[in-house]
Chemist: 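Can you read through this structure? Questions will come right after.
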Amino acid sequence: MKRTVSLKENHLFRRLYQKGKTSADSRLALYVRRNGGKTNRLGLTVSTKVGCAVTRNRIRRRLREIYRLHEAQMAEGMDVVVVARVRAGRSSYRQLEESFLRLAGKLGLIQQGG
RNA sequence: CGAGUGGGCUGGACAGCCGCGUGGGCAGGCCGAAAGGCCGUCCAUGAGGAAAGUCCGGGCUCCACAGGGCAAGGAUAACGGGUAACACCCGCCGAAGGCGACUUCAGGAAAAGUGCAACAGAGAUAUACCGCCGGCCAUUGCCUGUCAAUGGAGUUGACCGUCCGGCGGGCGCAGUCGGCGCUUUGCGCCGGCUACACCCGCCUUUCUUUGGGUAGACUCAUUCCAAUUGGGCAGACUCUUUGAAAACGGUCGGAACCAUUGACGGGCAAUGGGCGGUAAGGGUGGAAAGGCGGAGAUAAGCGCCCGCCCGAUGACUGGGAACUGCUCAUCGCUGUAAACUCUAUCCGGAGCAACACCGUGGUAACGCACCAGGCCGGCCCGGCCGCGUUUAGGAGGUGGCUGGAACGUGUCGGCAACGGCACGUCAAGAUAGAUGGCUGUCUUAAAGGACAGAACCCGGCUUACAGGCCCGCUCGCACC
RNA sequence: GCGGAAGUACCCAAGAGGCCGAAGGGGCUCCCCUGCUAAGGGAGUAGGCCGGGAAACCGGCGCGAGGGUUCAAAUCCCUCCUUCCGCG
C-alpha cells in the first residue's frame, strides 16, 4: 500500500460519516470523500457485533488485502472507510471482494477499465 | 467381545507467487551540516491449550506508613506435606453414592450466646388436649354392717326353666346295673348304660381382617334432546380370606336365716366438676428427646433397673496427625452457622491506561523591546508574527517490554505433588494493533469445517472445544 | 484495564426462606354508557411448557441456565450466559 496511509483519528471518521458519499449492501458499507491531498487514507471498522476477535481480525485482513490488490485502479486523494456488517462474518473472501468492487464502482472510486 | 472408569498427548505437514510486524546486515539510492530518517535488498523470526472469563494468588511500579498492634471490612476452614503464594496440587482420614474401578463433599464450633423452624399436630424445645392414675365435691345405682318394725320360715335342702350353638369322635372321672372274688352293712376287678367337663374335626351365626366382582343412585361428556356408551367419586350387596367369640337364670322350703321399710354407718361402680401425678399410648411432621425386648417396682408411669444395639465425651492401644479399635468409665444433648455469631489463620491501597523521561499549540507570571528577528517569496516591494525565561499543564513520543519462581534432556531424593544437580537452548513484543490472498502435493473418513487472537509477566481455577492417539484399572459374557 | 447494576407471565413490574399458580397495573373477553366510535364505569376467566384424556379434569416441571445448602429456594451460596451503566 504505497500511496495509502491508515485513518486513525475519531474526528476524521465522524466527518466522513456525516459528509462523505455512502454506498452499502448487506455485507459492507463504504464511505468516500475527497481529502485534498495526493495520498489515500483507509479506515476499517469492524464492530464487536460481527463476532469474536478471531473473526474480526480475519475480516480486517481480507478487506486490507482486497484494497491492496486493487489499489492501482483507484482514484487518488480520497478518504475511504469500510464498515463490516454482521453478515460479513460468514462471508468468503470472494463474496467480500465482489461487494467491495460493486460499491466502489458505484461511488466512482475505481476507474473501471474493464 | 461388550459396558464402564481414571489419566496423559495432540489440535495438520510441506512447497511456490504476491503482501505484513519486529530484529540484524548492506560497498545501494534519496533527504540532511551532522546525529539520523525514508526507500530498496538479504537473512532470522513471528499467537494458545485454553491466548478467553477476570474468579483467586504472586512478581513489578507508585502512594501511605518509624516499627508494631487494635478496630472495621473481607477471605479461608478435617489432617500431613508441596509451593514465592493461593480458594491450587499431592497424600491420607471421615461422610455420601456406586456390584466395582472410582466419583463427590464451603469437611471447624449448635454443650458460649441470640435468632428462625410455615402448614399439620395435643405439643416444636418444651407442652398436657385425649388417655392412664390418686385424692376432693355432687348425683345415681349396687352390695353390706348395727338397731327397730312387719312378713315368711323348724333341721339330708329340693325342683324347674332356658341353656353351655348343632352333629360326630376321643380321653378321663362320677353314678348306676349285672357278674366274679374276698378280710361280706363293705371293698376290689371285669363288662354294659347314662350324664357332665375337657379336647379335636366339620357346619351355623356375629365381629374383625385380606384380595376381588358388581346392581342402582350422583356427577362429567361425545354439536341440541332422549336413549345408549365411556370416565370420575363413593362403596350397599356378594365371593374369598385371617383371627376371635357363642351365658346361666329362676322358684319353693328355711332355726341360723331371708325379704321389705326407716334411722345411723361402711364399701364398690358409673357420670360430671375441680386439683394433682405421669410422659408408656394417640399419628401430625423433616424433626416428638436414644432404639428393640423384658422384669420388678409403682396409684399410674418413666433408662428407674436388666440384656442387646446406636451415638457423644474422656481414659487406654495403634498412627507423625486427622483418626481408629478390643475394652473401661460417664452421659443420652432436635435441625440450621451457604442466619447472626464464636474460634484459628491470612489480607495496607491502587494498578503498565502503574510509573519515569522528552514535550507542540494555547494559557499565566516575570524580564526585554517597538529596533532587531522569524515565516511566505528566486529577489525588491508587499503581507503575517512581539521575543526570551520560568511554573503549572500535558496532544503526542520514548522507556517500562520481555532471560524468566523459563524451557528441554538426563540423573538423584520422594508413594506423589515437588525438589536438588549436570548439560543444552533463547523462542512474538505490536500500539486502530502484524499470520492474509491465490495455487499445488501428502497424511486423513474429513484439512473449503473444533473452540478460539498475546497487549507488563508468572502460578492456578473455571468455562468452550471437531476429531485423533496412547496408558492404567473395573464389571459382565464366551473360549482355552 | 478497573468498577457496578439487572434478568419474574405478551408488556411494565411487586415479592428478600414456608400460607407463592406467584401482589398490582396494562393487555384480553363480556356488559353499561353513545346515533356510532374513542374515552370513562362495572364484572370476569385463563395465565408458560410437558404428559394423560373426546372433554370436564388430573399429574409433573417452570422466576436467565446449571449445580449446591436446607425439612423447604424466585429469595441463601458457587459457576456460567445475556443486557445495561460508570472511570479512562
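A, B, ... follow the sequence lines: proteins, then strands. Residue 1 opens every chain. Below, each value reflects all heavy atoms present in this structure, side chains not excepted, and no hydrogens, waters or symmetry copies. If you're wondering where the values come from, they're calculated on a predicted model, not measured in any experiment.
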Chemist: Roughly how many Å apart are A72(C) and G86(C), using the P atom of each and rounding to a whole number?
Modeler: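 That atom pair is separated by 43 Å.
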Chemist: How many whole angstroms separate atom CZ of Arg68(A) from atom P of C438(B)?
Modeler: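 Rounded to the whole Å, the gap is 12 Å.
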Chemist: Should A227(B) form a Watson-Crick or G-U wobble pair with both distances under 3.5 Å, which nucleotide is its partner?
Modeler: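 For A227(B), the partner nucleotide comes out as none, under the 3.5 Å rule.
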Chemist: Tell me the partner of U313(B), counting only Watson-Crick (N1-N3 plus N6-O4 or O6-N4) or G-U wobble (N1-O2 and O6-N3) with both under 3.5 Å; none if nothing fits.
Modeler: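 The answer is A329(B), by the H-bond criterion.
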Chemist: For G151(B), which nucleotide is its Watson-Crick or G-U wobble mate, given both distances must be under 3.5 Å?
Modeler: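 The base-pairing partner of G151(B), which may sit in any strand shown, is C258(B).
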Chemist: What distance, rounded to whole Å, do you find between the two C1' atoms, one in G47(C) and one in C10(C)?
Modeler: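 Taking atom C1' in both G47(C) and C10(C), they lie 10 Å apart.
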Chemist: Both distances below 3.5 Å, Watson-Crick or wobble geometry, any strand: find the nucleotide opposite A117(B).
Modeler: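 The base-pairing partner of A117(B), which may sit in any strand shown, is U334(B).
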Chemist: Just do the side chain to side chain contact (heavy atoms under 4.5 Å, CB included) check on Tyr31(A) and Asp79(A) with the steps written out, would you?
Modeler: CA-CA 8 Å; Tyr31(A) 296 84; Asp79(A) 282 348; over 6 Å; no
Chemist: What residue among Val80(A), Val32(A), Thr22(A) forms side chain to side chain contact (heavy atoms under 4.5 Å, CB included) with Leu107(A)?
Modeler: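 Of the listed options, the one satisfying the test is Val32(A).
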Chemist: Would you mind reading off the distance between Ile66(A) atom CD1 and C438(B) atom C1', rounded to a whole angstrom?
Modeler: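 Checked: the CD1 to C1' distance equals 13 Å.
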Chemist: Using the purine O4'-C1'-N9-C4 or pyrimidine O4'-C1'-N1-C2 torsion, is G135(B) syn (within 90° of 0) or anti?
Modeler: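 Chi for G135(B) falls in the syn range.
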Chemist: Say we look at A138(B) and A128(B): how far apart would their P atoms be, to the nearest angstrom?
Modeler: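 A138(B) and A128(B) have their P atoms separated by 30 Å.
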Chemist: Quickly, which of Arg85(A), Arg102(A), Glu98(A), Lys106(A) forms a side chain to side chain contact (heavy atoms under 4.5 Å, CB included) with Asp25(A)? Name it, please.
Modeler: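 It is Arg102(A); the other options fail the test.
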Chemist: Between atom CG in Asn57(A) and atom C1' in C451(B), what is the gap in whole Å?
Modeler: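 Rounded to the whole Å, the gap is 16 Å.
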Chemist: Would you please test Arg33(A) and Met78(A) for side chain to side chain contact (heavy atoms under 4.5 Å, CB included) and show each step?
Modeler: CA-CA 6 Å; Arg33(A) 187 171 183 253; Met78(A) 306 294 275; over 6 Å; no
Chemist: Take Tyr93(A) and Arg58(A), find for each the nucleotide of RNA chain B with the closest heavy atom, and name the residue whose nucleotide sits nearer the 5' end.
Modeler: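 Its nearest nucleotide being more 5', the pick is Tyr93(A).
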Chemist: What is the distance from CZ of Arg56(A) to C1' of U435(B), rounded to the nearest Å?
Modeler: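 In whole Å, U435(B) C1' and Arg56(A) CZ are 17 Å from each other.
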Chemist: Would you call A16(C) syn or anti, using the 90° rule around 0?
Modeler: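 Chi for A16(C) falls in the syn range.
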Chemist: Any strand counts, and the cut-off is 3.5 Å on both contacts for Watson-Crick or G-U wobble. Which nucleotide pairs with U205(B)?
Modeler: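 Paired with U205(B), as far as the under-3.5 Å criterion goes, is A245(B).
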Chemist: Roughly how many Å apart are G400(B) and G429(B), using the P atom of each and rounding to a whole number?
Modeler: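 To the nearest whole Å, 13 Å.
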Chemist: Figure out the CG/P separation between Leu44(A) and C20(B), and round it to whole Å.
Modeler: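 Between P of C20(B) and CG of Leu44(A): 16 Å.
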Chemist: Before you tell me yes or no, could you show the steps for Arg62(A) and Glu65(A) under salt bridge (Lys or Arg N to Asp or Glu O under 4.0 Å), namely the whole-Å CA-CA distance, both residues' side-chain angles and the distance that decides it to 0.1 Å?
Modeler: CA-CA 5 Å; Arg62(A) 282 174 171 172; Glu65(A) 181 73 12; over 6 Å; no
Chemist: How should the glycosidic conformation of A47(B) be described, syn or anti, under the criterion that syn lies within 90° of 0?
Modeler: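 Here the answer is syn: the torsion falls within 90° of 0.
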Chemist: Nearest whole Å is fine: how far is G21(B) P from Arg61(A) CZ?
Modeler: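 Roughly 14 Å, once rounded to whole Å.
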Chemist: Can you check the distance between C340(B) and C310(B), where both ends of the measurement are the C1' atom (answer in whole Å)?
Modeler: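 Straight-line distance between the two C1' atoms is 34 Å.
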Chemist: Should C30(C) form a Watson-Crick or G-U wobble pair with both distances under 3.5 Å, which nucleotide is its partner?
Modeler: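 Partner of C30(C): G42(C).
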Chemist: Using the C1' atoms only, state how far G459(B) lies from C88(B), rounded to an integer number of Å.
Modeler: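 Between the two C1' atoms, the distance is 9 Å.
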Chemist: Start with the C-alpha gap between Val81(A) and Thr45(A), add the side-chain angles, then the distance that decides, and say whether side chain to side chain contact (heavy atoms under 4.5 Å, CB included) holds.
Modeler: CA-CA 7 Å; Val81(A) 165; Thr45(A) 296; 4.3 Å; yes
Chemist: Could you work out the separation of G15(C) and A23(C) based on their P atoms and round it to a whole Å?
Modeler: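 Those two atoms are separated by 14 Å.
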Chemist: May I have the distance from Glu65(A) (atom CD) to U435(B) (atom P), rounded to whole angstrom?
Modeler: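 In whole Å, U435(B) P lies 9 Å from Glu65(A) CD.
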Chemist: Is there a Watson-Crick or G-U wobble partner for G467(B) with both distances under 3.5 Å, and if so, which one is it?
Modeler: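 With both distances under 3.5 Å, G467(B) matches U10(B).
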Chemist: Going by a 90° cut-off around 0, is G303(B) syn or anti?
Modeler: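 Classified syn.
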Chemist: With a 3.5 angstrom cut-off on both distances, give the Watson-Crick or G-U wobble partner of C423(B), or none if there isn't one.
Modeler: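 Pairing partner: G408(B).
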Chemist: Between C1' on G448(B) and CZ on Arg62(A), what's the gap in Å once rounded to a whole number?
Modeler: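 Spelled out: CZ on Arg62(A) to C1' on G448(B) is 11 Å.
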Chemist: By the rule that syn is within 90° of 0, classify the base conformation of G49(B) as syn or anti.
Modeler: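 The base of G49(B) is oriented syn (glycosidic angle within 90° of 0).
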Chemist: Once you round to the nearest 0.5 Å, how far does CG of Leu96(A) lie from CD1 of Ile59(A)?
Modeler: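 It comes to 7.0 Å.
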Chemist: In whole angstrom, give me the gap between the P atoms of A445(B) and C469(B).
Modeler: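 After rounding to an integer number of Å, I get 10 Å for this pair.
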Chemist: Where each residue is assigned the nucleotide of RNA chain B containing its nearest heavy atom, which of Arg60(A) and Leu69(A) is assigned the position nearer the 5′ end?
Modeler: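 Whichever sits nearer the 5' end wins; that is Arg60(A).
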